[in-house]
Amino acid sequence: MTGSRVVALGHYQPAKVLTNEDLAAMVDTNDEWIRSRVGIKTRHIAGPEEPVDELAFQAAGKALANAGLSPDDIDLVLVATSTAIDRSPNMAARVAAKLGMSSAPALMDINVVCSGFTHALATADHAIRSGSATRALVIGSDKMTEITDWTDRTTCVLTGDGAGAAVVEASEEPGIGPVLWGSVPEMGHVVRIEGTPPVFAQEGQSVYRWTTSQLPALARKACEKAGIAPEELAGVVLHQANLRIIEPLASKIGAVNAVVARDVVDSGNTSAGSIPMALSKLVERGEIPSGAPVLLFGFGGNLSYAGQVIRCP
């Protein structure tokens, strides 16, 4: 085998929905203020019985079912998250246990905040290409509302909870392009999850300026590495941070024929869960044809970024 490909996806969101009107009763804000600044209408909120690993488990089960596989067909589990409160067993181990895996899979959590899923997807691709794994379960799962400061109207309007998962397996034809990844360490302070208990905070204007000015060229470079011109893309799935970031970015990339994921409107910012969840919904609705090229690009905490072009399952 010379590559790997995504063969199936799945996603999960908690049932509870928090609207802009609900937030207006909690903090000094309103629907017009939120929509005009971040484009979000609703977000899903996990309860105490839905920790990060439970969200991940639900999404993983759906991805496996969509792939027609059993948990024991997997030999690598990667969970991208930055909101796991417990350290050990890690989230990957807990998901494997909930799925009843007996195949002795390798189990790793990856914390690159909002670009965690695209980092994890690249890691799975590398492991499969090297022969260290044959089939991987790659999950992005975050419970952002557990680390949200509900008195800060600039951040509490953003966050939601959810998870998305992908099944990745060896392939004769590469279906996952080379990753473009990197960071801006000196600007790591602009997105933070710090303290005990941890709290999410960010310098919104700094993030906005950096993403809108720097990311278009990086995203085009990810396309170049895959040998795909932006106008050939059938889909663009960026980290669902803010609609006012997503729309100009998609335009500047030059993906004029692509379906652009806008799941942030209904789901808010779900950090590592945002890209796989948005992609899973597009595939479920049949908005992107199987085999078509899709750009995935994550960015955020640490000012880390990672992107690759994949073939739609």
Side-chain angles (χ1 to χ4, degrees), residues 4-14 44 46 52-67 69 74 76-84 91-92 95 99 108-125 135-144 160-169 175-177 179 181 235-241 246 259-264 266-285 287-288 294-301 305-313:
S4 72
R5 65 189 180 108
V6 177
V7 296
L9 298 156
H11 64 275
Y12 176 77
Q13 290 178 280
H44 291 248
V52 168
D53 56 296
E54 178 64 20
L55 303 176
F57 161 70
Q58 294 290 344
K62 292 180 180 179
L64 286 170
N66 288 336
L69 297 171
I74 301 297
L76 172 63
V77 180
L78 301 174
V79 176
T81 186
S82 58
T83 55
M91 297 301 103
V95 170
L99 288 169
M108 287 179 274
D109 286 3
I110 294 178
N111 177 4
V112 203
V113 201
C114 304
S115 60
F117 178 79
T118 43
H119 276 84
L121 186 62
T123 302
D125 175 53
R135 192 175 282 120
L137 189 55
V138 184
I139 308 164
S141 180
D142 269 309
K143 189 174 180 178
M144 290 295 292
D161 303 328
V167 176
V168 181
E169 66 178 24
I176 298 177
V179 67
W181 53 14
V236 172
V237 184
L238 306 173
H239 166 49
Q240 302 292 292
I246 292 167
V259 173
V260 177
R262 293 178 171 84
D263 189 50
V264 67
D266 301 312
S267 302
N269 181 341
T270 56
S271 194
S274 77
I275 287 177
M277 193 160 64
L279 178 61
S280 178
K281 290 180 182 181
L282 290 177
V283 171
E284 187 175 78
R285 294 194 297 262
E287 294 187 35
I288 303 176
V294 181
L295 172 66
L296 310 182
F297 208 97
F299 54 88
Y305 55 85
Q308 62 270 95
V309 175
I310 72 164
R311 293 288 170 175
C312 187

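Counting from 1, the numbers follow the sequence of the chain as shown. For the numbers below, each heavy atom of this structure counts, side chains included, while hydrogens, waters and symmetry mates do not. Please read these numbers as outputs of a predicted model, since none were measured by experiment.
In terms of heavy-atom proximity, P313 sits nearest to A8 at CB-N, 4.0 Å. Heavy atoms only, all atoms of each residue included: L238 and F299 are closest at CB-CE2, 4.3 Å. The heavy-atom pair separating A278 from A261 by the smallest distance is CB-CB, 4.0 Å. Taking each heavy atom of A63 and G10 in turn, the nearest pair found is CB-N, 3.7 Å. Counting all heavy atoms, side chain and backbone alike, A59 lies closest to Y12 at N-CB, 3.8 Å. A120 approaches A80 most closely through the heavy-atom pair CB-CB, 4.3 Å.
For S274, the side chain to side chain contact (heavy atoms under 4.5 Å, CB included) partners are H239, Q240, T270, not counting sequence neighbours. E287 meets the side chain to side chain contact (heavy atoms under 4.5 Å, CB included) test with V259, L282, R285; sequence neighbours excluded. Residues that satisfy the salt bridge (Lys or Arg N to Asp or Glu O under 4.0 Å) test with D109, not counting sequence neighbours, are absent from this structure.
When atom types are taken as modelled, the side chain of T83 and the backbone of M144 share no donor-acceptor pair closer than 3.5 angstrom. Listed for the T118 side chain is a donor-acceptor partner under 3.5 Å among the backbone atoms of A306. Formation of a donor-acceptor pair under 3.5 Å by the D142 side chain with backbone atoms of S82 is found in this model. Here the side chain of N111 pairs a donor or acceptor atom with the backbone of V113 at under 3.5 angstrom.
Annotation: the span from S4 atom OG to R135 atom CZ amounts to 12.0 Å, rounded to 0.5 Å. The distance from the CD atom of E284 to the CG atom of L9 is 10.0 Å, given to the nearest 0.5 Å. Expressed to the nearest 0.5 Å, how far NE2 of H119 lies from CD1 of I110 amounts to 8.5 Å. In this structure, the separation between CE on M277 and CG on L55 is 9.5 Å, given to the nearest 0.5 Å. The distance from the CG atom of L279 to the CD1 atom of I288 is 6.0 Å, given to the nearest 0.5 Å. Note that CE of M91 is 5.0 Å distant from CG of D53, once rounded to the nearest 0.5 Å.
When each of R262, H11, Q13 is paired with S267, the side-chain hydrogen bond (donor to acceptor under 3.5 Å, both in side chains) condition holds for Q13 and for no other.
Side-chain contact of K62 with S280: a donor-acceptor pair under 3.5 Å is absent, judged by distance alone.
Using a 4.5 Å cut-off on side-chain heavy atoms (C-beta onward), N269 and S271 make contact. Using a 4.5 Å heavy-atom cutoff, the side chains of L76 and T123 are not in contact.
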**Request:** Quick one: do D161 and H44 satisfy side-chain contact (heavy atoms from CB on, under 4.5 Å)? Show the steps, please.
**Result:** CA-CA 6 Å; D161 303 328; H44 291 248; 5.6 Å; no
**Request:** Report the C-alpha distance between V283 and N66 in whole Å, list the side-chain angles of each, state the deciding distance to 0.1 Å, and finish with yes or no for side-chain contact (heavy atoms from CB on, under 4.5 Å).
**Result:** CA-CA 11 Å; V283 171; N66 288 336; over 6 Å; no
**Worked check of side-chain contact (heavy atoms from CB on, under 4.5 Å) between V179 and D125** = CA-CA 9 Å; V179 67; D125 175 53; over 6 Å; no
**Item:** Derivation and outcome, side-chain contact (heavy atoms from CB on, under 4.5 Å), residues L99 and I74
**Value:** CA-CA 11 Å; L99 288 169; I74 301 297; over 6 Å; no
